[in-house]
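All heavy atoms count here, side chains included; hydrogens, waters and symmetry mates do not. Numbering of ligands and ligand atoms starts at 1, following listing order.
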Amino acid sequence: MFVKICGLSEPVTVEAALDAGADAVGFVFAPGSPRTIDPSVARELIRGVPETVLTVGVFRKQPIDEVLRMATEAGVNTVQLHGGETLADFERVREAGFGTIRALSIDEYLREVERDPVGIRAHRLLIDAPMPGAGEVFDTTELQAHPPQDGWLLAGGLNPNNVAEVIRAARPGGVDVSSGVEAVRGQKDAALIRAFVAAARAAI
Ligand SMILES: O=C(O)c1ccccc1NCC(=O)[C@H](O)[C@H](O)COP(=O)(O)O
C-alpha cells in the first residue's frame, strides 16, 4: 500500500513521515490553503528526503509556467495537479522531467471516465473529495461502476481510525492524507502520521 502524507511544512513532521515509512511527501504550492508554503521552504525540507521517496508539489488551477517554475525551485520530483489542466499541460510537465499525479474529485472522475475512458488511463490518478484538503469523506461505492486503473490513489477525509476500513472497501493502490494527520488545522502531528502509516500498512 503506497502512502502519501500531504501538506507538510516543518522538518519534524517530514522526518516523522519518512521514519514511519511514507512513500511520498507532499508540499502545497496552491494559494489559499493553511498548508501553503513557499518553494524555498520546501527545498530545505526536501534536502534530507531519500531519492526513493516521491516529493510532490501540489497545485490547483495555476498556470503551467508558474507550476514549472515553483516545482523547479522547490526541487520536487513529482507534480500533482488539481484541476483545469489539459493533456498538453501534462505533457509539458512530463517533458520538464517531473512525474505527474492527476487529482480529480469523485464527480470530476465520474464525468471524465464517461467522456474519455481510454485517455484517463494515461494518468496516475488521485481521486479525492470535492474540496481537496478539507477532510471530507466521499462515498467510494460510487467508483464501483467505473473502477480506476491499478495504482490509483484515494484521498478525502482519511485518518488513522478509518483508513484500514476504507482500503478494504475501495481497494486503492495507495492513500493520501492531510487533515486526518493534523492536531490543529494546517499543522501536522508526528504521532498521527505514524499511526496513519501503520494503519494503512496493516490494512491488507
Ligand atoms: O491540502 C490542501 O490544503 C490542498 C489545497 C489545494 C489543493 C490540494 C490540497 N491538498 C491535496 C491533497 O493531496 C490532500 O492530501 C487531499 O486532498 C486529502 O485531503 P484531506 O481530506 O484533508 O485528507
Side-chain angles (χ1 to χ4, degrees), residues 1-10 13-14 16-17 20 22-39 41-42 45 53-64 66-67 70-71 74 76-85 89 93 98-109 123-140 143 148 151-167 170 172-189 192-193 195-197 199-200:
M1 179 57 47
F2 180 97
V3 182
K4 171 169 168 265
I5 307 294
C6 199
L8 290 156
S9 59
E10 294 172 318
T13 45
V14 172
D23 302 287
V25 287
F27 306 96
V28 176
F29 302 133
S33 162
R35 306 164 185 118
T36 307
I37 58 171
D38 193 82
V41 174
L45 294 173
V53 173
L54 291 195
T55 50
V56 183
V58 175
F59 299 88
R60 188 167 192 225
K61 298 184 178 164
Q62 289 152 273
I64 287 299
E66 180 179 309
V67 167
M70 293 177 98
V76 293
N77 55 34
T78 304
V79 163
Q80 176 174 318
L81 299 176
H82 273 261
E85 325 73 28
D89 291 333
V93 174
F98 299 101
T100 58
I101 296 174
R102 185 178 186 187
L104 296 171
S105 71
I106 177 66
D107 302 337
E108 288 167 333
Y109 170 74
H123 297 273
R124 176 164 215 180
L125 292 182
L126 185 155
I127 303 179
D128 202 346
M131 182 57 77
E136 291 170 357
V137 289
F138 69 91
D139 180 4
T140 56
L143 292 166
W152 71 283
L153 308 179
L154 171 64
L158 300 177
N159 62 53
N161 296 322
N162 69 8
V163 67
E165 190 186 333
V166 176
I167 287 172
V175 287
D176 178 25
V177 64
S178 196
S179 308
V181 292
E182 291 176 348
V184 175
R185 185 158 168 73
Q187 217 176 312
K188 293 288 175 293
D189 181 274
L192 289 173
I193 290 172
F196 183 86
V197 178

Count the heavy atoms belonging to other residues, nucleotides or ligands that lie under 6.0 Å from CD of Glu165, then report whether that count exceeds 12. no
Note down each nitrogen or oxygen pair, ligand 1 side and protein side, whose separation is under 3.5 Å; give only atom names and the distance to 0.1 Å.
residue, atom, partner, partner atom, Å
ligand 1, 1 (O), Arg35, NH1, 2.9
ligand 1, 3 (O), Ser33, OG, 2.6
ligand 1, 3 (O), Arg35, NH1, 2.9
ligand 1, 13 (O), Lys4, NZ, 3.3
ligand 1, 13 (O), Gln80, NE2, 3.0
ligand 1, 13 (O), Asp176, OD2, 2.6
ligand 1, 15 (O), Asp176, OD1, 3.4
ligand 1, 15 (O), Asp176, OD2, 3.1
ligand 1, 17 (O), Asp128, OD2, 2.5
ligand 1, 17 (O), Gly133, N, 2.9
ligand 1, 19 (O), Gly133, N, 3.3
ligand 1, 21 (O), Gly135, N, 3.1
ligand 1, 21 (O), Gly157, N, 2.9
ligand 1, 22 (O), Gly135, N, 3.1
ligand 1, 22 (O), Ser179, N, 3.0
ligand 1, 22 (O), Ser179, OG, 2.5
ligand 1, 23 (O), Ser178, N, 2.9
ligand 1, 23 (O), Ser179, N, 3.4

Check whether any side-chain heavy atom of Val56 lies under 4.5 Å from a side-chain heavy atom of Phe27, and answer yes or no. no
If only atom types and distance count, is the side chain of Asp23 paired as donor or acceptor with the main-chain N or O of Lys4 below 3.5 Å? no
Would you say that Leu104 contacts Leu125 through its side chain, given a criterion of any heavy-atom pair below 4.5 Å between the two side chains? yes
Do you see a donor-acceptor pair shorter than 3.5 Å between the side chains of Thr100 and Arg124? no
Going by heavy atoms in the side chains, are Lys188 and Ser178 under 4.5 Å from each other? yes
